[in-house]
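In what follows, a structure is listed as structure tokens, so that the remarks can point back to it.
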Amino acid sequence: MIYKKDANFPYPILTNTSNAYNNGKFLLTIGLDEIGNDYCFEPQYDMSSEFIKSQIQSENASLILIVQNKDTKFYEIDEKQKFIKIPRERISIKEKTSIQLLIKAKEDISFSNNEDLSDFYGNFKESILVPKNSILGFSNIITLNVIKKPQELFEKKIDPNLKGPFEIELSNETIILKFKNENYQFVDIPNNRDLNNAYIREGLGRAVINFVINNGEDNVVEINEIDPPEVELDFKLYNLMKSRNVKEVGLENIDEVVNIIGNNIIQKFTDAVRGLYNGN
């Protein structure tokens with residue numbers, strides 16, 4: 001199961017919101033790629049507790065990756081493991097798939113030597129014994145919205161009433177590329193990994209600026225510090241940025257972020273993008 005931030009336990013738990021630990025932090029970021037018939041997950045985490053780290057290193061505790069959609073899958077991972085390959089036939093990755101990292105005790109664990117606990121537990125931590133198979137901590141929840149086709153992010157329309165040859169419009173769900181005439185479409189998209197289509201780049205740039213305005217303070221958004229946006233287009237961009245490990249986006253680094261998430265789209269979907277502009 002996925003644990004929410006208000007989950008209660010009868011012993012100290014390491015989370016990003018709990019007061020049980022001094023400077024408690026268990027932050028998960030994750031990359032996701034499709035390689036052949038496999039999904040390739042790249043989990044990375046930042047944990048503040050040296051005591052919990054030592055339990056994992058000594059194999060008294062283990063890391064469990066949870067992938068939850070209509071069903072829930074559990075995958076035990078090694079602390080040094082960089083990638084997890086899961087056959088696509090064994091797992092369903094659909095809109096708003098939730099992913100979390102748990103720490104589970106493999107043995108009974110005494111907290112008598114846990115120096116990372118808050119002062120509240122100082123007088124009785126010697127009596128804390130966490131039973132085998134209990135949860136020692138849980139990370140933030142990553143919510144994925146896998147964009148399988150560029151058409152899920154982009155939409156093309158022909159509008160002969162446009163004042164100019166080309167306009168960009170942002171709906172709640174897509175970036176709309178509007179052309180006055182089909183002949184104005186830029187269809188020469190070389191088969192490479194560079195974001196060299198001016199229309200896609202401009203559309204992404206406009207959408208990312210709007211994302212910053214909608215979700216940031218002082219023109220900056222810390223991606224790992226905000227809740228998943230409710231606006232569908234912002235949600236898609238949010239997950240694209242998280243999947244490419246973008247930590248911060250602001251008006252000063254729009255071009256950099258557009259290159260990172262745009263290259264990912266072009267790399268995977270060059271043929272589909274060409275079809276988009278050819279009206280297929």
Side-chain angles (χ1 to χ4, degrees), residues 1-5 7-33 35 38-68 72-87 90-91 97-144 222-225 242-247:
M1 65 174 292
I2 294 285
Y3 289 94
K4 307 294 185 180
K5 62 183 179 181
N8 293 318
F9 292 82
Y11 52 85
I13 289 286
L14 178 64
T15 71
N16 292 301
T17 58
S18 172
N19 295 322
Y21 282 77
N22 291 318
N23 302 316
K25 180 172 64 175
F26 185 16
L27 185 63
L28 171 68
T29 59
I30 195 153
L32 174 62
D33 282 313
I35 301 177
D38 298 325
Y39 287 116
C40 185
F41 292 88
E42 184 182 3
Q44 298 180 6
Y45 63 89
D46 187 6
M47 184 187 304
S48 61
S49 172
E50 295 299 326
F51 175 81
I52 297 297
K53 288 180 185 178
S54 70
Q55 299 304 310
I56 296 171
Q57 291 167 357
S58 62
E59 299 186 354
N60 292 327
S62 60
L63 293 164
I64 308 293
L65 187 73
I66 303 178
V67 182
Q68 179 177 286
T72 303
K73 302 290 186 181
F74 300 87
Y75 300 92
E76 184 171 352
I77 61 176
D78 184 271
E79 63 162 332
K80 297 180 180 179
Q81 190 171 349
K82 293 185 178 180
F83 298 96
I84 302 171
K85 285 188 178 181
I86 303 174
R90 294 180 54 189
I91 193 170
T97 295
S98 296
I99 298 179
Q100 188 176 52
L101 195 60
L102 302 182
I103 308 164
K104 187 178 78 170
K106 298 175 71 173
E107 307 288 345
D108 293 349
I109 296 178
S110 170
F111 273 29
S112 59
N113 294 322
N114 189 345
E115 302 298 331
D116 303 322
L117 295 175
S118 63
D119 294 341
F120 175 81
Y121 292 98
N123 294 328
F124 57 91
K125 65 181 181 180
E126 289 80 5
S127 63
I128 299 175
L129 183 67
V130 179
K132 180 180 178 180
N133 295 324
S134 297
I135 300 300
L136 297 171
F138 57 86
S139 74
N140 54 301
I141 301 169
I142 301 292
T143 305
L144 295 179
E222 300 287 345
I223 299 299
N224 293 322
E225 299 297 326
K242 288 188 76 71
S243 71
R244 306 311 299 174
N245 291 321
V246 174
K247 302 293 193 303

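Nothing here was measured: the structure is a model prediction, and the numbers come from that model. This chain uses plain numbering: 1 for the first residue, then up along the sequence.
The aromatic rings of F26 and Y45 lie perpendicular to each other, with more than 60° between the two planes, well past the 30° mark.
With hydrogens and angles ignored, the 3.5 Å screen pairs a side-chain donor or acceptor of Q100 with a backbone N or O of S139. At least one donor-acceptor pair under 3.5 Å links the side chain of D108 to the backbone N or O of K132. In this structure, the side chain of S134 does not engage the main chain of V130 through any donor-acceptor pair within 3.5 Å. For S48 (side chain) and K25 (main-chain N/O), a donor-acceptor pair under 3.5 Å exists by modelled atom type. A distance-only check finds a donor-acceptor pair linking the side chain of N114 to the backbone of D116 [under 3.5 Å]. For the pair S118 (side chain) and N19 (backbone), a donor-acceptor distance under 3.5 Å is present.
When all heavy atoms are compared, the tightest approach of A61 to I109 is CB-CD1, 4.5 Å. The two residues I142 and L28 have their closest heavy-atom pair at CD1-O, 3.4 Å. Residue P12 comes nearest to L117 through the heavy atom pair CB-CD2, 3.6 Å, listed as atom of the first residue, atom of the second, then distance. Of all heavy-atom pairs spanning I2 and I99, the tightest one is CD1-C, 4.4 Å. Across every non-hydrogen atom of L14 and S49, the tightest pair is CD2-CB, 3.9 Å. Considering every non-hydrogen atom in both E76 and S62, the closest pair reads OE2-CB, 3.3 Å.
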Next item on the list: Test side-chain contact (heavy atoms from CB on, under 4.5 Å) on I103 and F138 and set out the steps.
Entry: CA-CA 6 Å; I103 308 164; F138 57 86; over 6 Å; no
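Residues M47 and I56 have side chains in contact (heavy-atom distance under 4.5 Å, counting atoms from C-beta outward). Considering only heavy atoms from C-beta on, L102 comes within 4.5 Å of I66 through its side chain. K247 is not listed as a side-chain neighbour of E225, based on a closest heavy-atom distance of 4.5 Å or more. At a threshold of 4.5 Å between non-hydrogen side-chain atoms, the residues L101 and I64 do not count as touching. You'll find the side chain of L65 stays beyond 4.5 Å of the side chain of F74, heavy atoms only. Under the 4.5 Å side-chain criterion, counting only non-hydrogen atoms from C-beta, I86 is in contact with Y75.
Taken from CD in Q55 to CG in N113, the straight-line distance is 9.0 Å, to the nearest 0.5 Å. Atoms CG and OG1, on N140 and T17 in that order, are 10.0 Å from each other to the nearest 0.5 Å. Atoms CG and CD, on N60 and E107 in that order, are 6.0 Å from each other to the nearest 0.5 Å.
A 6.0 Å sphere centred on CG of N133 holds more than 12 heavy atoms belonging to other residues, nucleotides or ligands.
Look at E42 and K85 and you find no salt bridge, because none of the NZ, NE, NH1 or NH2 atoms lies under 4.0 Å from a carboxylate O.
Considering Y121, F51, F124 in turn, F51 is the only one that fulfils the ring-ring contact (aromatic ring centres under 6.0 Å, His included) rule with F111.
Counted by atom type alone, N224 and K242 present one or more donor-acceptor pairs between their side chains at under 3.5 Å.
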